[in-house]
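One structure is given below, encoded as structure tokens.
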There are 2 protein chains.
Amino acid sequence: MRTILEAAERVFAANPAATMEQVAQAAGVARTTVHRRFATREALVEELTGWAARRFAEAVESARADSTPPLVALYQVTANVLRVKTNWWFAMSRTADGAHPEAVRVHAEVRDQCERLFHRAREAGVLRPDADLDWTRRVYYALIHEAAAEGAAGGGDAEALATRVVDTLLRGFGSPAAPVIA
Amino acid sequence: MRTILEAAERVFAANPAATMEQVAQAAGVARTTVHRRFATREALVEELTGWAARRFAEAVESARADSTPPLVALYQVTANVLRVKTNWWFAMSRTADGAHPEAVRVHAEVRDQCERLFHRAREAGVLRPDADLDWTRRVYYALIHEAAAEGAAGGGDAEALATRVVDTLLRGFGSPAAPVIA
DNA sequence: TACAGTTGCAACAAGCGTGTAGCGACTATT
DNA sequence: AATAGTCGCTACACGCTTGTTGCAACTGTA
């Protein structure tokens, strides 16, 4: 039942330790009905995780990151992922903890794709030649996470957020003329 | 008991839903002993939160962010906070959720100080004139969070991490010659 | 009308974590 | 030696959540 999954997402996003009773209430059904569809609490979270992982994979894939110019790909991937992560906040947080095999696979693929994209970006001069691509990727993830939090709170559309993320990733906040610490 | 608090930090960092039994075991004492010092689980988490909040406040305060050049202050605050956050990962995550009055106060003060610092940095030309200081601060927090995760996993000292955080915040990863998206 | 499918509802069993209490052993102090 | 203090251990009560079951009511279909 799609309704239950969406309700679970809302409830668990607010409180990861919420009970089945709270989920059922949010979905407008009886607790036993939730158990009829999802045998255990764990099964519910699993299906939620898988659902989000598939959406995540679609979001990244549809950006065609391997066949468009790096800067364009970076923007498209960012915007697409933000759209998913804004609506599936809790479920997306579950895709990263290594419990769900499909989620692990998706994350690994996305990570590979991200690394390939950053390599291309560096070769194309979009990223600095001395950029640490692992740290770059982690900062990129953190920026998306932060922007998604803002988006989930109702702070603007995915396009505007993506623009800001990419701009921040590439330029930072310092003045070009300012001295550099390292 | 300091031993119990440190054990609780370790256990809760690995699993926020851990039981008193697990905390006791990690501390090398019986569960009843934990209850003798901390009447309830909530009281334990509260004291842990307060402890971390005080350490956090000390870390920021000792950097003298109001009376040193912005770039120096930024570096010092970053390094000091990283030292605390690396060792009190769970407790620091609790200082932000608004449950602990003292933690709320500390966070508000730190936030004010951070904003003042960024204002000064912008006026001094360290930050760009058009930098959105709220977004800047949130990115700064996210970078510290990410660096602390690396530090907690044993990835280098606070000074090196701080250097990287500040460098990333100011410069980003893009080539100075590259086109800008926004 | 007869039927299958789904749901709400009440009730129940079981497990788990929490919090409390009593008892005995150990240690340091006087 | 006597005492106070701390700790481990066992046992228990309590509440909460989970998961299951049976039954009645409702809906759409044949």
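In what follows, every heavy atom counts, from backbone to side chain, and hydrogens, waters and symmetry copies are set aside.
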Gap between atoms [atom1] and [atom2], on [X] and [N] respectively (whole Å):
X       : N      : atom1 : atom2 : answer
B/Phe38 : D/dC7  : CZ    : P     : 11 Å
B/Glu21 : D/dA11 : CD    : C1'   : 14 Å
A/Gln22 : D/dT17 : CD    : P     : 7 Å
A/Arg41 : C/dC16 : CZ    : P     : 16 Å
A/Gln25 : C/dC9  : CD    : P     : 11 Å
A/Asn15 : D/dT17 : CG    : P     : 11 Å
A/Glu42 : D/dG19 : CD    : C1'   : 14 Å
A/Met20 : C/dG8  : CE    : P     : 14 Å

message: Of the listed nucleotides (D/dT20, C/dG8, C/dG19), which one gets closest to any side-chain atom of A/Val29?
response: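 Closest nucleotide among those given: C/dG8.
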message: By the ring pair (Phe, Tyr, Trp, His ring centres under 6.0 Å) test, which pairs, at least two apart or in different chains, include something from residues 141-167 of chain B?
response: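 Every pair satisfying ring pair (Phe, Tyr, Trp, His ring centres under 6.0 Å) with a residue in residues 141-167 of chain B: B/Trp89-B/His145.
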message: Nearest heavy atom decides the nucleotide; on that basis, is A/Arg31 or B/Arg36 closer to the 5' end of DNA chain C?
response: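 The answer here is A/Arg31.
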Euclidean distance, A/Lys85 NZ relative to A/Phe56 CZ, rounded to 0.5 Å: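 With rounding to 0.5 Å, CZ (A/Phe56) is 7.5 Å from NZ (A/Lys85).
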task: Flag the pair A/Arg137 and A/Asp134 as a salt bridge only when some basic side-chain nitrogen lies within less than 4.0 angstrom of an acidic carboxylate oxygen.
output: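 Yes.
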message: Under 6.0 Å between ring centres: does that hold for A/Phe118 and A/Tyr140?
response: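 Ring centres of A/Tyr140 and A/Phe118 closer than 6.0 Å.
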query: When we call it a touch if two heavy atoms are under 4.0 Å apart, what does A/Thr32 touch: a base, just sugar-phosphate, or nothing?
result: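 Base contact.
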- prompt: Are OP1 or OP2 of D/dT17 and a side-chain N or O of A/Thr19 less than 4.0 angstrom apart?
  reply: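 Answer no for this pair, as no side-chain N or O of A/Thr19 is under 4.0 Å from OP1 or OP2.
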message: Taking only side-chain N and O atoms of B/Thr33, does any of them lie within less than 4.0 angstrom of OP1 or OP2 on D/dG8?
response: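 Indeed, a polar side-chain atom of B/Thr33 lies that close.
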